[in-house]
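Here is the structure we will look at.
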2 protein chains.
Amino acid sequence: MNALLLENQVCFAVHAASRALDGFYRRQLAELGLTYPQYLVMLVLWEREPVTVKELGVALRLDSGTLSPLLKRLEAAGLVRRERNASDERSVVVRLTEAGTELRQSALRVPEHVANATGMHLSELADLHRTLGRMTQALTEAT
Amino acid sequence: MNALLLENQVCFAVHAASRALDGFYRRQLAELGLTYPQYLVMLVLWEREPVTVKELGVALRLDSGTLSPLLKRLEAAGLVRRERNASDERSVVVRLTEAGTELRQSALRVPEHVANATGMHLSELADLHRTLGRMTQALTEAT
DNA sequence: TGTAATTCAATTGTGCACAATTAAGTTGCC
DNA sequence: GGCAACTTAATTGTGCACAATTGAATTACA
C-alpha cells in the first residue's frame, strides 16, 4: 500500500467532509443570512450571552484575526453589538440584538436537516463526534 | 437535549478536526515549503502526472478559483510547470519539475507522523475514513 | 510607586474556498 | 460552412483561517 495515495489518507477524508458540510450549511443558512462560521458564533451567543471575544476564541478555537472581521459583519447585519468592558478596557463584550435573539427560532430546525442529510443514524453521529473529539485533542497536543 | 448546543453538533467536531489536522500539517510541511492544500495537489501529481486542472479539480473537489492561484504559487516555487494542451487549447496540463519529483522523498514520512499524532489505531483511522466518505457522499447528493 | 510582564483586541499579510462571470476554444448539428 | 451549445480556465469579489505585529490596558512586583 502506497502511503502517499490520496485515497488512503484520512486527512483528505476529513478535509473533504468538512467542506461538504460547509457547503450544505451554506445552502441551509443562506436564508438566515449567515455563513457557517457566523452560525457557530451565534450558537455560542445563544447559549451564553454576553461573551467576550476571548471567550468566543476559546470556545471555537479561533483567534481575533478571524473573529474581529467576522463580528464586524454580524454587527453590520444588526445581529450583535460590541462594546468595551467598562471594568477592563482591554476586553470587548459581544451581545445579541433583538434581531439576533429572534434569529434563534429560525435556526432551530437546521441541525435536524443536517443530521438527515448525512444519511447516518444518531448513534453513528455520536460515535463520529466522540472519535473526532479525541483526534482533535491528540493533534492539538502533538508537536 | 438542546439541539443548538455547540457541544452537541457534529458539524463543529468535523470543522475543528479539520482545522487541527490542517495545523498539524502546517507544522510538518513547513520545511517542505508546502501548505496543506498544496500538498494534496502534489499527492495527485506524484500519483499520476501529467494531469489537467480539470482532473485535479475532480480528484480534490476544488474549482479553478482555488486551483489557478495555488498552481501559480507551486509554479513560482519551481515545483510544477503549466502548459496548454496542444490538441485542446482549453485545457492546461500540469507537470512536475525535477524539484517537484524529488520532493516526494521528503514527503514520504509525513503520513506516518500524522497517523501517530492522531493517537488512533490504524483500524480506527480506516473506520473513520470510511464513515467520513459515506457522509461526504450523502451531503454532496443532498439538497 | 514605577516599571516590566502579561493580557486582550485589532490590524496586516498570505493563502484557501467558492460563487459568479468572462473569455477562449471545441463540438454538434443543420 | 456557420452558428449554437458546451467545456475549460481564469478572473473577480467575499469571507474564513492563522501567523506576526502593534497598541492599549492591566497586573505583578521590586
Side-chain angles (χ1 to χ4, degrees), chain A residues 11-12 14-27 29-30 33-42 51-58 60-77 80 82-94 139-140, chain B residues 11-12 14-27 29-30 33-42 51-58 60-77 80 82-94 139-140:
Chain A
C11 73
F12 180 65
V14 176
H15 195 69
S18 178
R19 286 188 296 124
L21 212 37
D22 194 356
F24 187 81
Y25 270 103
R26 184 175 301 118
R27 297 191 286 278
L29 296 174
L34 291 176
T35 66
Y36 180 41
Q38 286 167 11
Y39 168 74
L40 294 177
V41 168
M42 293 300 285
V51 296
T52 64
V53 175
K54 170 72 174 173
E55 289 167 337
L56 278 172
V58 170
L60 301 172
R61 274 154 242 288
L62 291 171
D63 72 8
S64 62
T66 300
L67 288 172
S68 288
L70 188 157
L71 290 169
K72 280 184 187 172
R73 285 186 283 272
L74 287 180
E75 189 170 42
V80 308
R82 296 179 306 144
E83 37 196 65
R84 296 237 162 231
N85 188 328
S87 68
D88 185 342
E89 289 281 342
R90 292 170 306 178
S91 75
V92 169
V93 172
V94 183
L139 285 169
T140 303
Chain B
C11 75
F12 180 65
V14 176
H15 196 68
S18 178
R19 286 188 296 122
L21 212 39
D22 195 354
F24 188 81
Y25 271 103
R26 184 175 301 118
R27 297 191 287 278
L29 295 173
L34 292 175
T35 66
Y36 180 40
Q38 286 167 10
Y39 168 74
L40 293 177
V41 168
M42 294 299 285
V51 296
T52 64
V53 174
K54 171 71 174 175
E55 289 167 339
L56 277 172
V58 171
L60 300 172
R61 274 155 242 286
L62 292 171
D63 71 8
S64 62
T66 301
L67 288 172
S68 287
L70 188 156
L71 290 169
K72 281 184 186 171
R73 284 185 284 271
L74 287 180
E75 189 170 42
V80 309
R82 295 179 307 144
E83 37 195 66
R84 295 238 163 231
N85 187 329
S87 67
D88 185 341
E89 289 281 342
R90 291 170 308 178
S91 75
V92 168
V93 173
V94 183
L139 284 169
T140 304

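- With hydrogens and angles ignored, no donor-acceptor pair closer than 3.5 Å exists between the side chain of B:Ser68 and the base of D:dA9.
- The side chain of A:Arg19 contributes an N or O atom lying less than 4.0 Å from OP1 or OP2 of C:dC18.
- Rounded to a whole Å, the CG atom of B:Leu67 is 9 Å from the P atom of C:dA17.
- Within 4.0 Å (heavy atoms only), B:Arg82 reaches sugar-phosphate atoms of the nucleic acid but no base atom.
- Checking the phosphate oxygens (OP1, OP2) of D:dT7, no side-chain nitrogen or oxygen of B:Thr52 falls inside 4.0 Å.
- The CZ atom of A:Arg26 lies 13.0 Å from the CG atom of A:Leu34; values are rounded to the nearest 0.5 Å.
- Toward the 5′ end of DNA chain D lies the nearest nucleotide of B:Ser64, the other residue of the pair B:Ser64 and B:Arg27 mapping further downstream.
- Ring-plane geometry between A:Tyr25 and A:Tyr36 is classed as parallel, the angle between the planes falling under 30 degrees on a 0 to 90 degree scale with a further cut at 60.
- In this structure, B:Val94 and B:Glu75 have side chains that are not in contact, with every pair of non-hydrogen atoms separated by 4.5 Å or more.
- Backbone-only engagement by B:Leu62 is indicated by non-hydrogen atom pairs under 4.0 Å involving sugar-phosphate atoms exclusively.
- Residues B:Cys11 and A:Leu40 share a closest heavy-atom pair of SG-CD2, 4.2 Å.
- At the heavy-atom level, B:Thr66 lies under 4.0 Å from base atoms of the strands shown.
- Position along DNA chain D of the nearest nucleotide to A:Asp88 versus A:Gln38 favours A:Gln38 as the more 5'-ward residue.
- Counting non-hydrogen atoms of neighbouring residues, nucleotides and ligands closer than 6.0 angstrom, the CZ atom of B:Arg61 reaches no more than 12 such neighbours.
- The phosphate of C:dT11 has OP1 or OP2 within less than 4.0 Å of a side-chain N or O from A:Lys72.
- Atom-to-atom, CG of A:Leu71 to P of D:dG15 comes out at 14 Å; the value is rounded to the nearest Å.
- For the pair A:Lys54 NZ and C:dA10 C1', the computed distance is 15 Å after rounding to whole Å.
- Heavy-atom distances to DNA chain C give each of A:Gly23 and A:Glu55 a nearest nucleotide, and the one nearer the 5′ end belongs to A:Glu55.
- Residue A:Arg90 places a side-chain atom within donor-acceptor reach of the base of C:dT7, judged by atom type and a 3.5 Å distance cut-off alone.
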